[in-house]
Each structure stands twice: as structure tokens, then as C-alpha cells.
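Have a look at the structure below, then the notes.
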Amino acid sequence: MAEVTIKVNGAPVSRDVPDAMLLVEFLREELRLTGTHVGCDTSQCGACVVHLDGRAVKSCTTLAAQAYGAEVTTIEGLAAGEELHPMQRAFHENHGLQCGFCTPGMIMTGIDMVRRYRAAGQELDEAAIRHELEGNLCRCTGYHNIVKSIRQAAGEM
Amino acid sequence: MSVAAPLPHDAAPLHVTGVARYVDDIPRPANTLHLAFGLSEVARGRITALDLATVRAAPGVVLAMAASDLAREADCSPSANDEPLLAKGEVFYAGQPVFLVAATSHRAARRAARLARIEIAEEPALLTIEDALAADSRFEEGPRIYVKGDATTAIATAPHLIEGSLTMGGQEHFYLEGQAALALPQEGGDMVVQSSTQHPTEIQHKVADALGLPMNAVRVETRRMGGGFGGKESQGNALAIACALVAQATGRPAKMRYDRDDDMVITGKRHDFRIDYRAGVDATGRILGLEFVHYCRCGWAQDLSLPVADRAMLHADNAYHLPNVRIESHRLKTHTQSATAYRGFGGPQGMLGIERVMDHVAQALGIDPVALRQANYYRAAPASGPGTGRRHGGAHSPKPEEIGPETTPYHMPVEDFILHEMTARLLESSDYAARKAEIASWNAASPLLKRGIAFSPVKFGISFTLTHLNQAGALVHVYQDGSIHMNHGGTEMGQGLFQKVAQVAAARFGVDPGRVKITATDTGKVPNTSATAASSGSDLNGMAVKAACDTIRDRLAAFVAERHQTDPAMVRFEGGRVHVGGEALPFEQVVKAAYEGRISLSATGFYATPKLRWDRIRGEGRPFFYFAYGCAVTEVVLDTLTGENRILRADILHDCGASLNPALDRGQIEGGYVQGAGWLTTEELVWDDKGRLKTHAPSTYKIPACSDRPRVFKVALWDGANREDTIYRSKAVGEPPFMLGISAWLALSDAVQSTGPNWPDLPAPATAEAVLAAIGRARG
Amino acid sequence: MVEGARARVVAGGTDLFPQLGDRLPDGDLVDLGRIRDLNEMGQCPDGWLIGAGTTWSEILRAEMPSGFDGLKAAAREVGSVQIQNRATLVGNICNASPAADGIPPLLTLNAKVILVGPRGTRRMDLPDFLRGPRQTGMRQGEIVAGVLVPRGVCERSAAFRKLGARRYLVISIAMVAAVLRCDAAGRIANARVAVGAASPVARRLPALEAALEGADAAALADPGFVRPEHLAPLAPVSDVRGSAEYRCDAIAELCRRTVLDALSRSPR
């Protein structure tokens with residue numbers, strides 16, 4: 001067993017968990033934060049993306065123990081009360097989802113890319129969004145409205 | 001009015017905040033057991049020894065069961081009772097569940113499932129279409145054959161004969177949410193099942209059978225799926241049955257979720273086909289006679305293969321009038337996963353056959369492929385109704401066979417054909433002719449990269465071909481505070497069905513859709529439902545909900561009309577108010593008064609699609625209520641030295657009738673097109689020579705990613721109402737746009753053709769490797 | 001700690017955890033990701049040092065000389081952004097997959113592997129370190145502290161290309177890295193070309209490198225420049241990602257284009 005102490009969505013949590021427990025299992029099973037999804041179990045689909053110390057990672061390729069002392073943000077931690085994060089609002093308004101299963105990962109990835117490009121002073125154009133979204137699969141939408149949503153949010157964040 | 005408004009998906013606020021619950025997210029009791037299957041690694045053989053001792057001794061394991069441990073037969077088949085939950089002495093495909101483990105955690109169950117000692121005496125496996133043909137291994141006694149006219153003679157006497165053979169691969173659904181079920185045992189042996197399924201009634205039926213209970217002892221609930229695409233029409237049965245059996249045996253809740261690799265290895269996929277064709281054509285490219293032979297690889301069990309293969313035959317004509325045609329269909333039984341429903345349900349395969357024929361004829365005769373298609377189209381639907389100025393029966397009137405509808409190969413008149421106008425508009429809006437010329441000159445100057453452009457139409461038949469399935473029920477309550485609770489037999493898998501139907505309910509009561517609560521599909525509320533499939537979700541359930549709402553509305557109208565001494569027909573429901581006798585009463589006030597006036601505010605609704613009549617053995621009748629149409633122009637570029645390619649631009653014009661929700665419909669069109677293009681380009685399923693699926697993860701099986709979507713993507717809706725009396729004159733939209741993706745594959749073929757004079761004979765999927773090989777053939 | 005017989009060292013873990021599936025790792029996992037000394041990257045007296053904790057994202061963001069252009073291009077192709085944020089270059093070479101993205105660029109850069117163990121520090125040439133698929137020259141108790149790229153090659157021009165069923169998220173069908181030194185006339189004076197995913201371990205192509213000496217862009221315009229015998233060290237196999245014949249054709253073309261890319265980046 002490993003003691004895992006993490007700050008999740010701003011609140012410190014501490015649990016004794018099996019050494020090999022993945023971060024996604026920790027979030028879903030220990031904390032009941034089920035908005036982070038398991039889509040492919042092998043780090044390809046991006047449904048499990050969370051922010052680890054402010055950077056997007058796939059929580060199915062990270063052990064909970066490796067996140068010791070880190071800050072984790074999940075889809076549940078984005079909205080300020082009733083006020084949606086601009087990225088959440090954009091996906092809602094632009095029909096950036098159908099079945100919704102990939103949506104949390106898309107939103108977490110979207111926020112990460114907007115922040116990084118802004119920090120680097122680069123323009124997040126459509127080609128850049130396409131490139132950045134390569135680690136997130138969607139089977140329903142054909143991606144059109146997802147790209148549109150991220151573009152809108154990039155202008156509002 | 002709420003109908004036709006582009007409102008967002010009802011669950012969007014839940015999805016973007018991560019609180020929407022899928023089966024795996026539902027809070028479960030602490031003593032829940034987790035299940036996993038132990039699988040056969042052999043495609044065909046006899047089980048000579050099965051020792052589960054090490055499985056049972058593994059940490060966390062509570063129960064392990066083989067077929068011999070089951071008290072009664074547990075069958076998963078939706079059709080022929082030929083799918084035992086666990087292999088009974090014999091295995092029929094690599095990936096078949098042989099035993100079941102229940103443990104205290106998901107991981108413990110999966111780890112234990114690898115520990116069994118299974119000995120299987122291998123026997124030769126039939127893996128391919130050719131294997132099955134050689135062994136005459138098939139479902140049904142022989143091929144199904146549909147005939148119209150005399151194809152053999154027409155081909156023999158035609159000026160030109162074009163023949164060939166096309167292979168097309170299957171397709172993994174890759175719903176992002178894998179299969180999942182949760183069974184919760186109830187008092188007195190009853191069972192509640194939460195299932196990620198398109199067909200709750202089937203789950204209820206199969207679980208009840210496996211438990212030895214009547215259907216009334218099993219209740220199935222489905223709030224949503226993370227994608228279905230047909231893959232959750234029958235493939236969820238095994239998980240639900242397994243969970244229910246374990247729950248019955250242990251008295252503990254039981255949950256099962258396939259990991260992605262298990263999901264891909266165990267469950268069925270789209271049927272792969274080989275289609276052989278012989279076409280007799282005249283000098284202008286008109287098809288005089290056509291023979292198709294469909295070879296359909298069904299896998300080990302019957303599942304839904306017969307109606308899938310039927311629907312392939314029913315779409316062998318696509319949009320083209322075939323005066324003399326013969327379609328022969330072989331449903332071949334192999335030792336592979338049991339192929340199942342997948343968006344289009346055989347339609348895409350049948351359609352790809354004739355689209356290939358069109359291209360082949362165009363190439364052989366040197367005719368423009370679009371002009372050739374237009375020349376072979378069905379006759380346009382005649383204008384009808386008063387004022388259209390047609391007189392019939394006069395001495396000089398045209399004979400009905402000259403102006404009336406032409407018939408399909410299954411003798412159904414095509415009364416609503418609108419592709420002539422749609423094609424003209426799309427060719428214009430996409431600037432097809434100018435771009436085709438520009439591409440030709442660009443290609444002439446570009447030795448390495450070649451571009452291609454292609455047009456393809458879609459005519460897709462709407463209705464279940466098993467006629468009795470074309471029915472639906474609904475249950476609507478209006479509560480005394482004026483809020484509305486809506487339930488129907490359809491399931492939500494992301495397509496927006498619930499939102500559309502809620503808009504219908506809101507429109508019937510003239511209230512804001514926010515007043516309508518959409519609730520989980522529940523076999524205890526609406527019984528005997530059909531699968532949410534065949535694109536029929538909003539057609540059927542929208543009508544059933546409308547009927548239920550109208551019953552309540554009529555009661556309300558009669559109630560207020562009486563109080564205001566007016567005719568109920570004069571009462572209007574609009575803008576959240578009830579308009580009666582010059583007054584506009586708030587809806588909730590009328591509802592409250594009606595409640596106090598002891599008026600029933602709850603009603604069921606029912607709908608059965610009219611006009612259907614179908615004989616699937618003779619291939620004759622009217623299997624479809626109407627057709628949905630669409631067309632697309634796609635431009636691609638390929639690299640002639642590596643075969644790599646991408647879609648540059650797609651222009652789509654699609655017919656949703658009078659759309660119930662244009663935003664949701666566009667989503668179906670965009671997503672359907674990309675999924676269809678994926679089927680025909682990057683999505684390749686590979687089995688090894690032992691019948692083991694090698695592409696069982698997204699690292700090897702490539703669904704379209706964001707960069708695969710067209711750079712320029714223009715989607716427009718055709719703004720005509722459905723000629724048939726459907727819900728607000730809308731049309732079904734789930735499956736038809738999938739086949740617009742065929743234009744991407746045709747465009748690749750066009751680009752390949754520009755590298756050389758010979759017929760490139762591109763197969764599907766057109767992977768980079770297949771494209772490179774086709775370039776070799778084109779160059780000769 | 002790392003002397004434990006069954007311990008396994010991880011940095012990002014992005015290769016290891018999907019491989020393990022639900023099997024518990026055998027023995028302990030030692031996470032190097034937080035050891036600051038191993039995260040260093042930058043110039044040292046012998047050249048450029050890339051510490052074991054350096055992620056692909058850090059390589060992408062770093063200011064590095066032109067010789068690393070191929071490595072950076074490879075970094076962009078590794079998995080996806082979320083993977084690049086966790087996965088490390090050193091983890092990639094230690095995992096020693098035939099299709100490791102980092103290996104061909106490092107081969108063309110003559111990289112040396114720095115190993116640290118109970119008996120001290122030693123350097124190994126990368127080709128010696130790579131013993132076979134998933135086999136390395138690491139001894140019991142050793143870890144790879146970093147990779148060293150010798151000073152001389154840092155300023156050359158470099159390129160990398162990868163062929164897949166799709167550009168991203170794919171374990172390659174084939175990949176090629178090239179590093180060139182050119183003369184003032186734009187002719188190749190020295191070439192190094194390495195190919196991955198086409199043999200049990202990624203290989204340099206000496207015959208092709210020799211043929212490239214003296215060649216210029218005009219010579220390379222010939223699609224037949226790369227001949228089958230140039231690819232002799234390779235042994236492409238048929239698998240779900242493509243047939244051997246397809247790979248051979250594609251690799252020849254990929255080599256030609258990668259060299260042309262590097263040539264176009266060469267300062268005149």
C-alpha cells in the first residue's frame with residue numbers, strides 16, 4: 001500500500017491505496033469523481049485527461065502514488081459554482097458533444113492547450129487545435145464542433 | 001415553437017461538468033461484485049479440460065462459473081438461441097467467453113480470468129469468406145435471391161459488359177464507453193439491471209429467460225450510452241445476463257465492464273463483404289441489366305445477420321433504377337466474432353457495391369461519373385396535389401409507366417425521389433465542375449501528389465425490415481405544478497433523441513422545453529419496445545410521445561372549453577399559456593385546475609408505422625415507409641509514393657425532411673460522414689491465420705482522429721418536408737449520412753485513376769498500402 | 001534501493017503502465033520523475049546532456065542547436081501532447097522498442113548513454129546499448145542517468161519523418177532520421193541516416209550514407225535515388241501495420257524525403 005496525499009480540485013485528500021492504483025482509479029473509485037472516464041485503458045483515447053500540476057496528462061498512465069504532493073484538477077473542479085468555465089460553456093453552446101463520453105477529456109485538453117499557447121505567445125489557430133487534439137478520440141461528432149468550441153473558448157478565456 | 005429549434009443536447013450541462021452518469025459511474029453498494037470473462041484463445045475446437053481451481057483460489061475471487069455450473073441454459077442471441085453465454089464443450093471463435101469470474105474488484109476479476117487451465121483440441125477454423133464457401137458453411141438453407149426483370153438476358157444482349165469483384169472490410173464500433181451492465185437483486189428474486197444498451201426490452205427478455213423468471217420480474221433501465229452505433233443492440237446481452245446470474249447466485253449486486261481489448265475481441269463488428277458484379281450497359285452508360293452476388297461474413301452465430309444481409313440487398317440499387325436485376329446473397333458462417341448491427345445495417349455495404357459499379361462503368365466507357373449517375377437515377381417524384389396541373393387518362397396523356405414512379409429491385413415504387421434537385425444544387429454549391437477541371441490540370445503538373453474528387457448520392461430506406469418492430473410507446477405525466485415528465489421506449493446514445501422528443505412534447509403543450517423532464521428508458525414504464533436502431537428513434541418515439549401528449553392536451557382542452565363555454569377545438573396551447581375564449585391562462589394554472597377538477601393528467605401513447613408490407617423471402621413489398629436522401633462531394637489528395645492521403649474538402653447536402661432540430665441533425669451528418677469515411681480508409685481489422693483479432697486496441701485500429709476530418713467541411717440541410725406523415729414531417733437521420741462517406745473512398749479511387757490508364761480496382765478500406773497497390777495496377 | 005533485484009525504474013510510466021494492464025508490476029517501481037538532478041538538460045563540456053527525467057515536452061520547448069531538429073520532430077510525433085508531458089526520451093530508449101521514436105534521431109547524433117550504478121558511471125555508444133527488442137546493455141542495479149550528444153554534431157542539419165496509418169497516435173510503420181553536414185555548394189559532405197520500426201533494433205544505413213556523399217538536391221530529386229541495396233541492414237516484417245513489401249517501398253521514399261528535408265535546412 002502507498003499513502004497518497006494529493007490536492008484534488010483544491011481540496012487536500014489523503015488515502016492508503018494499492019501501489020499499482022492508477023490515478024484514474026483513485027479519482028473514480030476512491031473519490032467518486034466519475035467525470036474522468038476510462039475509454040481505452042491504454043492511454044490512446046484521452047477520455048481520462050486531467051490536469052496534474054497544471055498540465056494535461058492521461059490519468060490512466062499515471063500511478064496515484066506518482067501524483068504524491070501534486071495538484072490535480074478534474075472536470076468537476078472547473079466550474080465556479082453555477083458559473084461554467086468558458087471552455088465548458090463553449091462545448092455546451094456549440095454542440096461540441098453527442099454521447100458526452102469524450103467531453104471531459106476534450107475540455108481538459110482544450111484548457112491546457114489554450115493556456116500553453118497563450119503562455120508561449122503563439123496563436124492557437126485551427127491547425128494547431130487539430131494537432132493538439134490528436135490524443136483525444138471522439139467517435140460521434142466528426143470533431144467539427146469540438147474544434148469550434150475550443151476556438152470560441154480560446155477567445156473568452 | 002420548440003420544434004425545429006437548434007437547441008443544445010438536453011444533457012450537455014451534465015456532460016461538460018462531468019456529472020452525467022454512465023453505467024460505470026452509477027454509485028453502487030459496497031458489496032458489489034465485479035465480473036470478467038475468461039476467453040478462448042482458439043477459434044475452433046473442443047474443450048478437453050477446464051480447471052478453474054486456480055481461478056477460484058485467486059485473491060478476491062468469490063465465484064467462478066463454467067457452462068456446466070449454470071443451473072439452466074443462458075443464451076445471449078437476439079435471434080436464434082445459438083449463443084450460449086459460456087462455451088458448452090466447443091469453441092467457435094477466438095475470444096469466445098468460456099468461463100465467468102466474480103471478484104471483489106474489477107482488476108481482481110480480470111487477473112483471475114487469466115489463471116484458468118483450458119485445454120482445447122483445435123480443429124480447422126473457417127475464417128474467411130472463401131473458407132466458408134468451400135465448406136458450404138452458411139446461415140439459411142441457401143442464398144436469398146431477389147429478382148426483377150431478366151438480368152441475364154439484359155446483360156447478354158447489352159452493348160457493354162462490365163464485371164468485377166469488390167472486397168470491403170468490417171468495422172469496429174469503438175463506442176467510447178465500452179459495454180457495461182450492473183445487476184441489482186431485489187426482494188423475491190426480482191432483478192433490476194442497469195445496462196448500456198440500445199435495446200432494454202431485449203436485455204429484459206434475455207435476462208428473464210436466463211434467470212427462469214417472467215419478464216415482469218426483471219426491470220431494465222438505460223439512462224444513456226457513451227455511443228452505440230448498433231454495437232449495443234445485441235452485444236450487451238452477455239454482460240447483463242452474466243451480472244444477473246451472479247446477482248441471483250450470490251444475492252449481491254454484480255457489475256461488468258469490458259476493458260477495451262476484451263470489448264474488441266469479444267463483441268461483433270460490421271459485416272465484411274465481397275460483392276461480385278456483372279453489369280450490362282448501353283453506350284450512354286445506362287444500366288440495362290445487373291447481377292450482384294453478395295458474400296457476407298457473419299461469424300459464428302446468427303445474431304442479426306439475416307436482416308443485415310437483407311438490408312444490403314435492399315440497398316444494392318442505391319439511387320439507381322435497375323430495370324433488370326438479380327441479387328444473390330450468401331450469409332456465411334465463420335469461426336470469427338459474430339458480426340452484428342452497425343450504423344447502416346448492411347445498407348452501406350450494398351450501396352458501396354453499386355457505387356463501385358457506377359465508377360467502373362464510367363471508367364470503362366469514358367463517361368463523367370456524375371453524369372452517369374444522374375442518367376441512371378430513379379425518375380423524379382412527380383409533383384402532386386391540387387394545382388400541379390396534371391391530367392391523367394386522356395387520349396394524349398402520358399401513360400403511368402412513363403411518368404409514374406419506378407420500382408426498386410424489390411418492387412417498391414420510389415415515390416419521393418428528390419436526388420435530381422439535390423444533386424444539381426450540391427454540384428453548384430460545391431463548384432464541382434470547375435474544381436474537377438482544376439484538379440485535372442493540377443494533377444497533370446504534379447507527379448508526386450494527386451488529387452481526386454467524387455460525388456456520391458444516398459437513398460436510404462427508413463423502417464425496420466422486420467415489420468412488427470415498427471412500433472413504439474410513450475408515457476407522459478403532467479404534474480399538478482405544470483411540470484411534465486416524459487418517457488418513451490427509445491434510448492439515448494448521444495444522438496439527441498431525448499432532446500428532439502422533448503421538443504415535440506413541449507410543442508404539443510405549447511410550453512418551453514425546459515418544463516419537460518426527460519427520464520431514463522425503463523422497461524417498467526414503457527413495455528415491449530424495439531431497439532433504438534434503424535434510424536427510427538425520433539420517427540417512432542416522437543409519434544408515440546405526441547399521441548400521449550395529445551391525449552392529455554385534449555382532456556385539458558375539453559376541461560377549459562367547458563368552463564369557458566366554447567368548443568375544445570378553439571383552445572390553443574401556445575407560449576406557455578392556454579388560450580381560450582379571449583383569455584390566456586398560464587399553463588400551470590390550467591393544469592392545477594384540471595387536477596382539482598379530477599382530470600387524469602397521465603397518458604400512454606402508441607404508434608405503429610403505416611403502409612408497411614414486406615415478404616423478405618420473395619423480396620417483394622414495401623419494407624420502408626419512406627426514403628431519406630443525401631449527397632456529398634469529397635476532394636482528397638494522396639501521395640503516390642507512400643499511399644498516404646487525406647480529405648481536403650467535403651460538401652454535403654442532406655435531407656432531414658423538416659428538421660426537428662437542425663443543430664442535432666447537422667451533428668449526425670458530420671459525425672456520420674467522418675465515421676463512414678473512416679470505415680473506408682483507415683479502419684482496418686486484421687485477423688491472424690489462427691483467427692485471432694490482431695487489431696484490438698486503438699494503437700492498431702485507427703478510427704478517425706481530429707486531423708482526419710476534412711479541412712473544409714460544408715454541411716447544408718435540404719429544406720423539404722417529408723412527403724409521408726412523420727413527426728412534424730421530419731426524416732430519420734441516424735444512419736443515412738454514414739454513407740456519404742462513400743464519396744471519400746470514390747475520391748481516392750479517382751485520385752489513383754489519375755496516375756495511370758488502367759482500372760485501379762481499389763478495395764475497401766483504402767489504407768495507404770492498398771492505395772499504393774492500386775496505383776501500381778492503374779499504371780499497369 | 002535500485003539494487004533490489006526485481007525493482008524497475010520508471011520515469012513517466014506511459015509505456016509501462018499500458019503494457020502491464022491489470023497485472024501488478026513484478027517487484028517495486030522506482031519513480032525517477034521527481035529527482036531534480038536527472039531532469040537537467042543543456043550544454044556540458046562534452047556536448048549536450050539530456051537527463052533521464054527530461055520529458056518530450058521539455059525537449060520540444062528547449063532552445064537547442066540545429067542538430068536536434070530531428071529529435072524535436074520526433075518529440076512532436078510521440079503519442080499525444082498529454083503523453084509528451086509525462087513520457088521521457090531516456091524512458092523511450094530504455095524501453096528499447098523497435099519502434100521507439102527517439103532512437104533513430106539519437107543514432108544519427110552519435111549519442112552516448114550514461115549509465116550510473118553501484119560501481120560508478122560509464123558511457124556506452126547507443127548501438128551497443130541497444131541489444132535487441134526490449135533488451136539493453138543496462139546491468140543489474142544500473143540506471144540510465146542521461147544521454148550525451150557529442151559537441152561535433154550539434155550544429156549540423158537534421159530531419160525526421162514518420163510513416164503511419166495516421167500521422168499521430170500511431171506506433172510507426174517506419175521512421176527515418178537524418179543528420180547532414182554540407183559543403184558551401186550545397187553538397188552533402190557527411191550523412192547519417194537511421195531507420196526505425198523496420199528491424200529488431202533501429203539501424204543506421206552505411207551504404208546509403210556513402211552514396212549520399214557528394215549528392216545534392218538535384219541528385220535526390222530522382223525518386224529512385226535510394227536503392228534496395230541501401231536498405232540491406234533492415235528486415236521489415238509483415239504485421240497489422242503493413243506488409244514487408246509496402247514497408248520497403250515506403251522506407252526508401254521516406255529516406256529520400258528525410259534527407260531532402262535536412263538538406264533544405266542546411267545553411268548555404
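Order of the sequence lines sets the chain letters (A, B, ...), proteins ahead of strands, with each chain counted from 1.
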### Message
Quick check: closest heavy atoms across G135(A) and S80(C), and the distance to 0.1 Å?
### Response
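The pair with the smallest heavy-atom distance is CA-CB, 3.1 Å.
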### Query
Where do N85(C) and R55(A) come nearest, in terms of heavy atoms and distance?
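Result for this residue pair: O-NH2, 3.7 Å.
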### Task
State, yes or no, whether a side-chain contact exists between S43(A) and I83(C) at a heavy-atom distance under 4.5 Å.
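Yes; the side chains approach each other to less than 4.5 Å.
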### Query
With a 4.5 Å limit on heavy-atom distance, are the side chains of Q66(A) and R86(C) in contact?
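Result yes, sub-4.5 Å side-chain heavy-atom pair found.
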### Query
So with a 6.0 Å cut-off around NZ of K72(C), is the heavy-atom count from everything else above 12?
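Counting other residues, nucleotides and ligands, NZ of K72(C) exceeds 12 neighbours.
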### Task
Find the distance between CD (E134(A)) and CD (Q84(C)) and round it off to the nearest 0.5 Å.
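Answer for the CD-CD pair, E134(A) versus Q84(C), is 10.5 Å.
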### Query
Looking only at side chains, do D112(A) and Q82(C) share a donor and an acceptor under 3.5 Å apart?
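Note: D112(A) and Q82(C) side chains miss the donor-acceptor criterion.
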### Task
Side chain from CB out, backbone as N, CA, C, O: work out which of these in V49(A) comes under 4.5 Å of a heavy atom of chain C, or both, or neither.
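The answer is the side chain of V49(A).
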